[in-house]
Number of protein chains: 2
Amino acid sequence: MINKAIPEATVSRLPVYLRSLGDLPATQATCSSEQLASIAGVNSAQVRKDLSHLGSHGTRGVGYNVAELRAQLRQALGLTQGYSVALIGAGNLGTALANYGGFEVWGFEVNAVLDADADKVGRIVGGRPIEKLESLEEIVNERGISIAILATPAAAAQDVADRVVRAGIKSILNFAPAVLQVPQGVEVRRVDLSTELQILTFHLSGEGAV
Amino acid sequence: MINKAIPEATVSRLPVYLRSLGDLPATQATCSSEQLASIAGVNSAQVRKDLSHLGSHGTRGVGYNVAELRAQLRQALGLTQGYSVALIGAGNLGTALANYGGFEVWGFEVNAVLDADADKVGRIVGGRPIEKLESLEEIVNERGISIAILATPAAAAQDVADRVVRAGIKSILNFAPAVLQVPQGVEVRRVDLSTELQILTFHLSGEGAV
DNA sequence: GTATGTGAAGACCTTCACAGCG
DNA sequence: CGCTGTGAAGGTCTTCACATAC
């Protein structure tokens, strides 16, 4: 399997490259590692090494074929198929995510919005009625959900994660400010506002410029 | 300056340790690296090495004093003072962030919500009227804003960032799906939904279970 | 006995610099 | 000549393992 060989650090940059290609003029058929690097904000040797993991073959003296590279990136990232997403937690953030729609372009569709609060069930969010958390397993099976986005309070996050894992989901995007314990084979990515702000203040208060 | 010596990887874990301390029973006065590691989801040697960068001194055979460690973490992260934040872009996500309030606990206060869209100006979001982007510089000076949260569309992000930098802000939390170019001395942290989802699908579609 | 603090080893990541190809 | 692809060098980060201190 080719994927097995791609280092994690490279994987995390592939989506950036893919998006960067979209920033090129539509007329541009070819693109150098130098140019891609400048849009993506990384070193050009990095770009070349990263792309070499895809088995990508640019043309020396010319660069990479934009259309082909885009196809290879989508392939590597598994974006040739669509994904069904469940959003759990319909508070402020959850509601905003349900309405956001910025990732439908990439083939992600929110096919369920769940909440533990019975009072919220039935309310329409992002064009769908909120469903009760108890139906999770059923919904996952029926609608082929493969990704869960957690936007619950921190205190509820671990319980919900356990439930999500029991329902067979292997990919979790966690917005709750908590570190989740999950079994091997389940992948969690954490997006944590407070953490990011605190990293910023570290640099603000500590060393000077640079 | 002590901060200068703290590696970036360590800095990014300090907020997690700080929050993890809050998960301990209120009665617990002392905490081992082992316990902290398990809550924070890292290796215990990592915890010890990270904390040693703070000049922290645990007690051998006992562990770390919880209250003291919390104080040291807050100190290192610059959380002994409050920070005034401007939120730019009052769309779905921006509105949710304005209402969120989950980081006020840590001393961050949203003291301005701005938007480029004249139609939105004056509407109340998170208890404040939306103000026009043109007033940015003035607002930053008047209210001592030191952090900007960007929640604009990707296409506008770079222009807004330029403006924010010109207003003298040195810390940006960027939710727009774009890589920002900023001068040396300005720190940008990117939070990118689509990127995170795509990293998840890489693992879903590629290799099997870990 | 128990848990910290840390040198040393090893894994991983980035950058350089240039050979090689178009 | 220009740009890719990559060995080699140089960093950074993580983990181990144990001396050290309470």
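Side chains included, hydrogens not; waters and symmetry mates left out as well; all remaining heavy atoms used.
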Which residues, if any, of residues 12-22 of chain A bring a heavy atom under 4.0 Å of DNA chain D?
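Per residue number, the list is empty: none.
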
Under a 4.5 Å cut-off applied to non-hydrogen side-chain atoms, are B/Tyr83 and A/Gln198 in contact?
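No, side chains not in contact.
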
A/Val179 versus B/Ile39: any side-chain heavy-atom pair under 4.5 Å?
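Side-chain contact under 4.5 Å: no.
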
Show me, pair by pair, the donor-acceptor contacts under 3.5 angstrom made by side chains of residues 98-114 of chain A, not counting sequence neighbours?
unit_1, atom_1, unit_2, atom_2, d
A/Asn99, OD1, A/Gly126, N, 3.4
A/Asn99, ND2, A/Thr95, O, 3.1
A/Asn111, ND2, A/Ser84, OG, 2.5

Enumerate donor-acceptor pairs with a distance under 3.5 Å from any side-chain N or O in residues 150-163 of chain B to protein atoms, sequence neighbours excluded.
unit_1, atom_1, unit_2, atom_2, d
B/Gln158, OE1, B/Gln181, N, 2.9
B/Gln158, NE2, B/Asp162, OD1, 2.8
B/Gln158, NE2, B/Gln181, O, 3.0

May I ask you to verify if any side-chain N or O of B/Gln46 is less than 4.0 angstrom from the OP1 or OP2 atom of D/dC13?
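Checking B/Gln46 against D/dC13: no side-chain N or O falls below 4.0 Å of OP1 or OP2.
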
According to side chain to side chain contact (heavy atoms under 4.5 Å, CB included), who are the partners of A/Glu137, at least two apart in sequence or on a separate chain?
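Checked A/Glu137 against side chain to side chain contact (heavy atoms under 4.5 Å, CB included); matches are A/Asn141, A/Ala167.
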
In whole Å, what is the span from the [atom1] atom of [X] to the [atom2] atom of [N]?
X	N	atom1	atom2	result
B/Asn43	C/dC12	CG	P	15 Å
B/Glu68	C/dT4	CD	P	14 Å
A/Glu8	C/dC12	CD	C1'	12 Å

Between B/Gln72 and B/His57, do the side chains contain a donor N or O and an acceptor N or O under 3.5 Å apart?
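B/Gln72 and B/His57 do not have a side-chain donor-acceptor pair below 3.5 Å.
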
Does any pair with a residue in residues 13-32 of chain B pass salt bridge (charged side-chain N to carboxylate O under 4.0 Å, His left out), and if so which ones, sequence neighbours excluded?
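For residues 13-32 of chain B: A/Asp192-B/Arg19, B/Arg13-B/Asp50.
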
Distance-only, no hydrogens or angles: does the B/Tyr17 side chain make a donor-acceptor pair with backbone N or O of B/Leu69 under 3.5 Å?
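No, the answer is negative, given that no donor and acceptor are paired below the 3.5 Å cut-off.
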
Heavy-atom contacts, protein to nucleotides 2-9 of chain D, under 4.0 Å, summarised as B (base), S (sugar-phosphate only) or - (none) per nt, yield BBBBBBB-

